[in-house]
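None of these values were measured; they are calculated from a predicted model. In each ligand, atom 1 is the first atom listed, and ligand 1 is the first ligand listed.
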Amino acid sequence: MKKLALGILGSGTGSNCRAILEQIRAGKLDAEARLVVADTFNAGILNVARDYGVPNVYLPPGKFRTRLEPNVEMELVRLLQEASVELVVLAGFMRVLKEPMLAAFPRRIINIHPSLLPKFPGIESWKQALEAGEKVSGCSVHFVDAGIDSGEIIAQREVPVLAGDTAESLHARIQVAEHALYPEVIAQFADA
Ligand code: GRF
């Protein structure tokens, strides 16, 4: 059977990307990573891609801080389509996607977010959860729409907030949950 073709987008370390590629390598996820794209030069996620022999590219984002320049976003669409990507997986990608990507991949772009959405969208959500005195936090995988972390939720995993947690310890616990949840959700798309 044909494997689900993934395009993975990130801006940072790439630990979620690594977890996904590891599951593929282990034969536990019936997918194929066709392309990894980063909007930051020297992002760790590009090295992760190289470790697993996945084609990878740095895409200079242009002059905006929170989104891609429109011509760059169109180039991103072209790169993903050229690689015959079926599912776009955001793994720590720090920019809001706009019409070119949303129109090219309807209900085919997913993101992982380190909170139990709709609580705490936006950046450093584990800090927001800690400061709000939450006893339980976690992560969410959701479809990407035009808003910030606002698309339909596909799956969530809870983790406890422990007495004495720091932002770092809570984030680390959430990331362990992310690394399990994201490949599981992608597997659902692969089986569909
Ligand atoms: C993760 O915590 C994810 O939830 C958020 O960005 C972080 C990416 O981490 N969207 P990594 O680059 O996968 O290590």
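Residue T13 approaches ligand 1 through these ligand atoms, each under 4.0 Å from one of its heavy atoms: 12 (O), 14 (O).
When S15, S115, S140, G92 are checked for heavy-atom proximity to atom 11 (P) of ligand 1, S15 turns out nearest. Checking I112, I45, I174 against atom 10 (N) of ligand 1, the nearest heavy atom belongs to I112. With H113, R18, E178 as candidates, the residue nearest to atom 3 (C) of ligand 1 on a non-hydrogen basis is E178.
No N or O atom of G12 sits closer than 3.5 Å to an N or O atom of ligand 1. Annotation: N16 places an N or O atom under 3.5 Å from an N or O atom of ligand 1; distance criterion only. Below 3.5 Å of separation, one finds no N or O of C17 facing any N or O of ligand 1.
Here L76 contributes atom CG and F93 contributes atom CZ; the two are 6.5 Å apart, rounded to the nearest 0.5 Å. Rounding to the nearest 0.5 Å gives a distance of 12.0 Å between CG of L90 and SG of C17.
With L6 as reference, I24 is the one residue of I24, L21, V88 to meet the side chain to side chain contact (heavy atoms under 4.5 Å, CB included) rule.
Note on ligand 1: C139 sits outside its first shell, no heavy atom being nearer than 4.0 Å. Residue-ligand proximity: H171 is placed with a non-hydrogen atom under 4.0 Å from ligand 1.
The 12-atom threshold is not exceeded at NZ of K135, counting heavy atoms of other residues, nucleotides or ligands nearer than 6.0 Å.
Protein heavy atom nearest atom 12 (O) of ligand 1, with residue, atom name and distance: G14 N, 2.8 Å. Protein heavy atom in closest approach to atom 9 (O) of ligand 1: Q175 NE2, 3.2 Å.
Legend: ring pair (Phe, Tyr, Trp, His ring centres under 6.0 Å) pairs involving residues 5-37, not counting sequence neighbours: none detected.
Defined by atom type and a distance below 3.5 Å, a donor-acceptor pair is missing between the side-chain atoms of E131 and Q128.
Between P121 and I148 the shortest heavy-atom distance is CB-O, 3.9 Å.
Of the charged side-chain nitrogens involved, none lies within less than 4.0 Å of a carboxylate oxygen, so that R95 and E73 do not count as a salt-bridged pair.
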